[in-house]
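Every heavy atom of this structure was used, including side-chain atoms; hydrogens, water molecules and symmetry mates were not.
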Amino acid sequence: MKNFFPALGARHALAAASLVLAAQAAWALQPFKVQDIRVEGLQRVEPGTIFASLPMRVGDEYTDEKGAAAIRALFALGLFKDVKLEAQGNVLVVVVEERPTVAEVEFAGIKEFDKDQLKKAMRDVGVVEGRPFDKALADRAEQELKRQYINKSLYGAEVVTTVTPVDRNRVNLTFTVTEGEPAKIKDISIVGAKAFSESTLTDLFDLDTGGWMSWYTKSDRYSRPKLNADLETLRSYYLTRGYMEFRIDSTQVAIAPDKQSISIIVNITEGPRYVVSGVTLAGNYLDRDDEFKSLITIKPGEPYNANAVTDTVKAMTDYFGNFGYAFAKVEAVPEVDRENNRVQLELRADPSRRAYVRRINIDGNNRTRDEVVRREFRQYEASWYNGEKIRLSRDRVDRLGFFTEVGVETQEVPGAPDQVDLLVHVTEKPTGMIQIGAGYSTAEKISLTFGIKQENVFGSGNTLGIDVNTGKFNRTIVLSTTDPYFTKDGISRTLDVFYRTQRPYQYQGGDYKLVTEGGSVRFGIPFSELDTVYFGAGVERTRIKSGTNIPAAYLAYADKYGASSVAIPLTIGWSRDNRDSALAPNSGRLQKFTTELSLAGDARYAKFGYQYQQYIPLTKRYTLAFNGEVGYGKGLGGRPFPVFKNYYSGGLGSVRGFDQGTLGPRDVTGAILGGTKKITLNTEFMAPFPGAGNDRTLRWFVFVDVGNVYGDNDPWSLKELRASAGLGLSWISPLGPLRLAWGQPIRKFAGDKIQRLQFQIGTSF
């Protein structure tokens, strides 16, 4: 280390040496009565700091003991490199030499870390601009930097500290790092495994010896926290397969002399495999033994499963909570028969005391008003604690879509054994959403859509948005606002005003245009915690502006009913949503049924739609999702179904891998007409994206899509269905829900328009 203090040793050595020398100087002074105290050598330290630390005052008798105590006290401040006491007559002179302070902290050669991250680590060890500096501090800083690099498996990293003096007794610190190459895991061995092969067990680990994704996941870099997590996974694997006495005896991590490879050895003792012989209840189950027995997932005759025991205990504890017993305890006590490798489990219950909720506190809602969260709660203050209502409340808050995380914590009230407080902690997500969509095809090249939507405007829970599609062939402007609590009972109101234009795609030719303008109002009435019924009405006008290559169906409709058609649609709908999250669901079901009736005006028709979504958690990490949609339209009063109300299919939101909205009937010119009947089926297998950490919304998926639209006179034909398969990525990004999909048609027909790569922000499925 380069240093302009070549004579400085470690801090304690410097302090000891200075103390001895100064004490000797102090001891050479004859006792005298202190008439004044003067301080010399100060540059930045205030004189009051010196006077406050001295164990003597003007008028006191100076002695060697007091002089030594004064020197110790001043060195203990950590501000001085040297301290001396001198006497000039009856004046005590304190001569100090201040330690330099840190002016700037810089880093060179840093690639693996962000500099701000390292500066924070330096602050934690005391290297901060404006703080006193000595060599011991620089040594601690070097060790902390090396520790940071060791955590990244860069064991060969070298750190050189350069100390550069600047004006006013300050120094600049520059840490120059030679990072070197990271050490890679060479092998992982599990010693003592008999019931399972070593390869089966090491496949459970996130740490590995490298693979095709290691450049991103860094799974071949050793990390103690990752190893601890892998050991817990190993432990869980055995404990869920009957090995209840399994233990990890030791773990050895050895690094090669060149610091470029690491070997990990895990020594285990499996123990015997136990089978559950029976499960009994003990304790107070509120005279509801049969109800609690129905919660038991432990199965006699099968191997002991720690997860089943944990799930059973949790289910019983939660069930006690439904009756107000917030502090109930259920303990699984095993009775082990080692001779026959069997275990009898006794579930001992102590409901403790019944409690009611004193107060509900909300934390983390920096923007969202408390009222928006509280109105979703079904557990009320000053009411008996009810675990089921608390879980329902948490799910309702999560389904708002305003938060990435929602948690409810039960807290005891000091001095009140029958009371609890609930702490609702939320993590807000950006609800100001910019919706952007893009795709590429040989017909349109790049197409774009754009929108701005504020789902939680001013933290009120209301939604305000504008959707703009500036595509070359389809343009839309929609202004909308939703008040989810238009009334105190939870009736919602949505207002829409829209203007749409539609032109034929470039490969179709022509310059005709459809223009639709209008508005609507809808109300949503909650009939239960999960069910909402919608009612609404609107008025819209569609104009067919003639031009070249206009489809015959449009001409026929305009000739009979006019080029300007007015509809007054009435809407009735129903939805049921018990998904665990609106942002990134892993379980639950969503159903929607919509009806649109226009019984007056020029366009008279009925339009029906039904959507079904199901999310099935395969494990805590993997989810299987299904989506099905059916639509049907029919003209009323002897009139045909309006062609401008047709369904369209293809692309994101329907059958991926095909160009957006290009499936279904066409006329003789090849113009896409859409259809009066629609069917869409989607299946997705979803998994967390490698390296996503705690972001549960970042997931990759593989999918299979099936669907098509049919004309008014066409039958529902399975032979006409298109199908595709592919993979994609979904993420609740700061700009909104993002979906990226690459699809390959696996069932297509001549003339179908293919668009394999598609992405959109602001869509689902």
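With respect to the salt-bridge test (charged N to carboxylate O, under 4.0 angstrom), the residues Glu144 and Arg147 qualify. Classification of Glu381 and Arg374 as a salt-bridged pair holds, one side-chain N sitting under 4.0 Å from a carboxylate O. Between Asp230 and Lys226, none of the side-chain N atoms (NZ, or NE/NH1/NH2) sits under 4.0 Å from a carboxylate O, so this pair counts as no salt bridge. Between Arg348 and Glu346 a salt bridge is recorded (basic side-chain N to carboxylate O distance below 4.0 Å). No salt bridge links Asp395 with Arg391; every basic N to acidic carboxylate O contact stays at or beyond 4.0 Å. The existence of a salt bridge linking Asp705 and Arg656 is confirmed by a sub-4.0 Å separation between a basic side-chain nitrogen and an acidic carboxylate oxygen.
Of all the heavy atoms in Glu181 and Leu154, the pair that sits closest is C-CD2, 3.5 Å. Residues Met686 and Ala625 come closest through the heavy atom pair CE-CB, 3.8 Å. What you find for Tyr356 and Ser383 is that their closest heavy atoms are CB-O, 3.1 Å. The two residues Leu207 and Arg221 come nearest to each other via the heavy atoms CD2-O, 3.3 Å. Minimum heavy-atom separation, Arg342 to Val276: NH2-O, 4.3 Å. Shown here for Asn322 and Glu388, the closest heavy-atom pair between the two residues is OD1-N, 2.7 Å.
Judged purely by distance below 3.5 Å, without hydrogens or angles, the side chains of Arg224 and Asn228 pair a donor atom with an acceptor atom. Defined by atom type and a distance below 3.5 Å, a donor-acceptor pair is present between the side-chain atoms of Thr297 and Thr312. A donor-acceptor pair shorter than 3.5 Å can be found between the side chains of Gln611 and Asn627. When only modelled atom types and interatomic distance are considered, Glu376 and Tyr485 share a side-chain donor-acceptor pair under 3.5 Å. Neither side chain, Asn307 nor Thr240, offers a donor N or O lying under 3.5 Å from an acceptor on the other.
At most 12 non-hydrogen atoms from other residues, nucleotides or ligands lie less than 6.0 angstrom from CG of Asp206. Counted within 6.0 Å of NZ on Lys592, heavy atoms from surrounding residues, nucleotides or ligands total 12 or fewer; the atom is thus considered open. Heavy-atom contacts from other residues, nucleotides or ligands closer than 6.0 Å to CD of Gln117 number more than 12. Counting heavy atoms of neighbouring residues, nucleotides and ligands inside a 6.0 Å radius, atom CG of Asp203 exceeds 12 of them.
Put simply, the side chain of Thr269 never gets that close to the backbone of Gly271: no donor and acceptor are under 3.5 Å apart. Formation of a donor-acceptor pair under 3.5 Å by the Arg273 side chain with backbone atoms of Arg241 is found in this model. For the pair Asn682 (side chain) and Ser654 (backbone), a donor-acceptor distance under 3.5 Å is present. Remark: side-chain polar atoms of Ser236 are not paired, donor with acceptor, to backbone N or O of Glu232 under 3.5 angstrom.
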**Message:** Test side chain to side chain contact (heavy atoms under 4.5 Å, CB included) on Ile296 and Leu281; report intermediate values, then the result.
**Reply:** CA-CA 10 Å; Ile296 297 175; Leu281 301 185; 4.1 Å; yes

**Request:** Test Gln379 against Val408 for side chain to side chain contact (heavy atoms under 4.5 Å, CB included), laying out the working first.
**Result:** CA-CA 11 Å; Gln379 169 69 63; Val408 180; over 6 Å; no

**Request:** Verify side chain to side chain donor-acceptor pair (under 3.5 Å) between Thr368 and Asn365, making sure each step is shown before the conclusion.
**Result:** CA-CA 5 Å; Thr368 306; Asn365 56 324; over 6 Å; no

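Cation-pi geometry between Arg354 and Phe323 is not satisfied (NZ or CZ under 6.0 Å from the ring centre, within 45° of the ring normal). A cation-pi geometry, defined here as NZ or CZ lying under 6.0 Å from the six-membered ring centre and within 45° of its normal, holds between Arg739 and Phe701.
Residues Val357 and Tyr385 have side chains in contact (heavy-atom distance under 4.5 Å, counting atoms from C-beta outward). At a threshold of 4.5 Å between non-hydrogen side-chain atoms, the residues Pro351 and Leu286 count as touching.
Applying the side chain to side chain contact (heavy atoms under 4.5 Å, CB included) criterion to Arg589, with sequence neighbours excluded, gives Asn578, Gln591, Tyr612, Gln614. Evaluation of the ring pair (Phe, Tyr, Trp, His ring centres under 6.0 Å) rule for Phe685 yields Tyr622 as partners, not counting sequence neighbours.
In this structure, the separation between CG on Leu422 and CD1 on Ile390 is 4.5 Å, given to the nearest 0.5 Å. To the nearest 0.5 Å, atoms CD (Gln613) and CG (Asp577) are separated by 8.5 Å.
Side-chain rings of Tyr238 and Phe196 approach one another, their centers coming within less than 6.0 Å. No close placement of the Tyr237 and Tyr243 rings is indicated, their centers lying 6.0 Å or farther apart.
Note on residues 183-200: pairs passing salt bridge (charged side-chain N to carboxylate O under 4.0 Å, His left out), not counting sequence neighbours, are Lys184-Asp220.
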